[in-house]
Amino acid sequence: MAINKNVEKILNEQINAEFWSAYFYLSMSNYFNANGMPGFANWMKVQFEEETFHAMKMLDYINERAGRVILDPIPEVPSEWSGVLNVFEETLKHEEEVTRLINGCVNVAIEEKDHATVNFLQWFVDEQVEEEATVGEIIDQLRMFEGKGHGLYMMDKDFKTRTFTAPAE
Ligand code: FEO
């Protein structure tokens, strides 16, 4: 059964939001590179890869359900922040907004009685819990290290090792 039009529409909007997130984090990665923090830059590059994965996962799903993917322009992303803590605070704010958007997608799928999409979206619901928790922990650590160069240096060193692994389907 082809995908419901309202579900198709909101998932298309979500694809755009996921690509925007990818751009947002890639911009943060460049900000860190320009400010001598290669580990944080790497962490954000992996974040970019994760968001691209999210967008593609949704895109593949629409195609699988015989729907139509329309790629809209990606709105401009910020390129300047006031420091590491500010970047991660903005990241958390953004992820909270993404959680709201994902919940909105689930609501539409429920309204349209599209159980396959409700199921499909559960992966994203779980992913958001994890994303918010991870970023929240980083913010706690950064607040602890505030004004302490060594802690920040150690974190930067640690973040150099983060790699992207596509989650199992
Ligand atoms: Fe695609 Fe960071 O949620």
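In each ligand, atom 1 is the first atom listed, and ligand 1 is the first ligand listed.
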S.K.: Does F48 have its ring centroid less than 6.0 Å away from the ring centroid of Y25?
M.R.: no
S.K.: Is the centre of the W43 ring less than 6.0 Å from the centre of the F88 ring?
M.R.: yes
S.K.: Around atom 2 (Fe) of ligand 1, how many protein N, O or S atoms are closer than 2.8 Å?
M.R.: 4
S.K.: What pairs of residues pass the side chain to side chain donor-acceptor pair (under 3.5 Å) test when at least one of them lies in residues 68-79, not counting sequence neighbours?
M.R.: none
S.K.: Given K57 and E127, is the salt bridge (Lys or Arg N to Asp or Glu O under 4.0 Å) satisfied, shown in steps?
M.R.: CA-CA 13 Å; K57 189 176 174 76; E127 178 75 1; over 6 Å; no
S.K.: Apply the test salt bridge (Lys or Arg N to Asp or Glu O under 4.0 Å) to residues E8 and K5: give CA-CA distance (whole Å), side-chain angles for both, the deciding distance (0.1 Å), then the verdict.
M.R.: CA-CA 5 Å; E8 180 185 70; K5 286 293 154 195; 3.1 Å; yes
S.K.: Report yes or no: does W81 contribute a side-chain atom to a donor-acceptor pair with the main-chain N or O of M28 at less than 3.5 Å?
M.R.: no
